Amino acid sequence: MPELPEVEVAARNLARWAVGRRVRAARAEAGAKRILRPGSPAALRGLAGARVSGVRRVGKNLMLTLDGRSGPIGVWSHLGMTGKWLRRGASDPAPRFSRVELDLDDGSHLHYADMRLFGRFRLVPRAKFDDVAELAALGRDPLNDGIDVPGLGTRLARLKLPIKVAIMDQRILPGVGNIQASEALFRAGIDPRRPAKSLKPAEVRALARGVMTSIRYTLRQFGKTGADGGRTDIEYVEEAGERANPFLVYGRAGAPCPGGKHRAKRTGTGTVTRIVQAGRATFFCAACQH
DNA sequence: ACCCGTGTTCGCTG
DNA sequence: TCAGCGAACACGGG
């Protein structure tokens with residue numbers, strides 16, 4: 001379930017698991033062709049012998065840097081809809097839907113698993129990530145760099161499209177996806193249907209706060225121990241078992257508005273509504289988002 | 001069987 | 001040229 005918070009968890013996990021380690025072997029499952037494009041499974045052999053030197057995240061993108069025999073090698077990893085990075089012991093079976101596997105020199109195996117194959121695993125020559133068009137187009141990362149509120153206001157002021165759709169544009173707020181967009185607008189008390197250009201400066205400030213608060217809140221949820229207990233690794237929410245939906249409005253159509261400190265205006269009458277914008281579900285409370 | 005899905009891209013239309 | 005849609009991708013779950 002990768003938006004910025006989940007990808008941040010993946011980045012922290014990968015840093016802990018892999019930085020400083022050498023890759024013994026790398027391989028891809030036959031069905032991984034789509035994820036590797038325009039590369040090939042055979043090209044992964046170029047990773048053998050390389051040492052992982054760093055992991056970075058911008059928005060929903062992971063960038064691994066490795067030191068190979070003939071210079072730096074980059075890996076651009078995007079989790080798509082269903083991608084995740086998992087760690088297994090030397091003799092453990094591969095997880096379901098494992099598409100790419102990296103064997104490290106401590107005996108561990110890192111798996112990129114992705115049921116729906118919407119993700120990416122692309123080698124970047126000489127680790128020149130700026131040469132990748134998809135990465136060069138990204139704006140500044142909210143969590144790493146903070147939000148430039150006046151800059152955000154300027155961008156939004158040119159756009160007629162609904163604010164919910166605008167903030168999911170990765171050039172504007174990298175890492176914000178369908179959940180974080182609904183959650184941030186709820187926290188800010190802004191109606192997701194409003195044209196982006198209609199937001200006043202105070203509302204842009206509230207939105208920026210809502211985005212940051214929602215991202216940090218979601219990140220805390222992922223840090224919690226899973227329902228199987230005893231695990232110290234950071235886990236994805238969905239792997240925590242029976243835990244309830246942690247979000248304020250996302251996935252809560254028909255529920256009473258959660259209100260409290262999150263509600264911008266205390267009407268006390270709201271119900272969470274589901275609408276569709278640009279083909280994606282949006283959840284909001286019409287009574288307190290204006 | 002039908003609908004839905006935490007992402008992105010492509011093609012069509014006005 | 002561009003904003004705005006819908007479809008497509010691929011697969012499982014409710």
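Everything numeric in this text was worked out from a predicted model, so none of it was measured.
If you measure from atom CZ of A:Arg171 to atom P of B:dT9, you get 10 Å, rounded to the nearest angstrom. Here B:dC4 presents its P atom at 17 Å from CD1 of A:Ile179, a figure rounded to the nearest Å. We find that CD of A:Glu6 is positioned 16 Å from P of B:dG5, with the value rounded to whole Å. Between A:Gln277 atom CD and C:dC5 atom P the separation is 10 Å, expressed in whole Å. Remark: C1' of C:dA8 and CZ of A:Arg280 are 14 Å apart, rounded to the nearest angstrom. A:Met81 has its CE atom 16 Å from the P atom of C:dA7, to the nearest Å. Distance A:Lys84 NZ to B:dG5 C1': 13 Å, rounded to the nearest Å. Atom CD1 in A:Ile172 sits roughly 16 Å away from atom C1' in B:dG7 (whole-Å rounding).
Classification of the A:His109-A:His111 ring pair by plane angle, with boundaries at 30° and 60°, yields tilted.
Taking atom P on both B:dG5 and C:dG4, the two are 22 Å apart, rounded to the nearest angstrom. The C1' atoms of C:dG12 and B:dT9 are separated by 23 Å, rounded to the nearest whole Å. C:dG6 and B:dC3 are spaced 16 Å apart, taking the P atom of each and rounding to whole Å. C:dT1 and B:dT8 have their C1' atoms separated by 22 Å, with the value rounded to a whole Å.
Remark: A:His78 is in phosphate contact with B:dT8, judged by side-chain N or O atoms under 4.0 Å from OP1 or OP2.
Consecutive Watson-Crick or G-U pairing (both distances under 3.5 Å) extending over three or more pairs maps onto DNA chain C as B:2-5 with C:11-14, B:7-14 with C:2-9.
A:Met115 and A:Leu117 sit in two unconnected hydrophobic clusters of ILVMFWY residues. Membership requires side-chain heavy atoms under 4.5 Å apart, directly or through other members.
Taken residue by residue, residues 153-169 of chain A places heavy atoms nearer than 4.0 Å to DNA chain C at A:Lys160, A:Leu161.
Residues A:Thr218 and A:Gln180 bring a donor and an acceptor atom of their side chains to less than 3.5 Å of each other. Donor-acceptor pairing under 3.5 Å is lacking for the side chains of A:Thr213 and A:Arg209.
In this structure, the nucleotide among B:dT8, B:dC4, B:dG7 sitting nearest to the side chain of A:Arg274 is B:dC4.
For the pair A:Val124 and A:Val75, the minimum side-chain heavy-atom distance is 4.5 Å or more. The side-chain heavy atoms of A:Arg122 and A:Leu36, taken from C-beta on, include no pair separated by under 4.5 Å.
For A:Arg116 and A:Phe97, the positive end is not near the middle of the six-membered ring at less than 6.0 Å and at most 45° from its axis.
A:Glu134 comes within 4.0 angstrom of sugar-phosphate atoms only, judged by non-hydrogen atoms across all strands, and of no base. Within the nucleic acid shown, A:Ala281 comes within 4.0 Å of sugar-phosphate atoms alone, with no base atom in reach, counting heavy atoms only. Here A:Gly279 lies out of heavy-atom contact (under 4.0 Å) with every strand.
Remark: A:Asp106 engages A:Arg21 in a salt bridge, criterion side-chain N to carboxylate O under 4.0 Å. For the pair A:Asp191 and A:Arg193, the salt-bridge criterion is met [side-chain N within less than 4.0 Å of a carboxylate O]. The existence of a salt bridge linking A:Lys84 and A:Asp114 is excluded, since no basic side-chain nitrogen approaches an acidic carboxylate oxygen closer than 4.0 Å.
Each of A:Val58, A:Asn61, A:Thr65 was evaluated against A:Phe129; a single residue qualifies, A:Thr65, per the side chain to side chain contact (heavy atoms under 4.5 Å, CB included) test.
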Polar pairs (N or O, both sides) under 3.5 Å between protein and nucleotides 9-13 of chain C?
{"unit_1": "C:dC9", "atom_1": "O3'", "unit_2": "A:Arg34", "atom_2": "NH1", "d": "3.4"}
{"unit_1": "C:dA10", "atom_1": "O4'", "unit_2": "A:Arg116", "atom_2": "O", "d": "3.3"}
{"unit_1": "C:dA10", "atom_1": "N1", "unit_2": "A:Arg116", "atom_2": "NE", "d": "3.3"}
{"unit_1": "C:dA10", "atom_1": "N1", "unit_2": "A:Arg116", "atom_2": "NH2", "d": "2.5"}
{"unit_1": "C:dA10", "atom_1": "N3", "unit_2": "A:Arg116", "atom_2": "NE", "d": "3.0"}

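The ring of A:Tyr112 has its center no closer than 6.0 angstrom to the ring center of A:Phe121.
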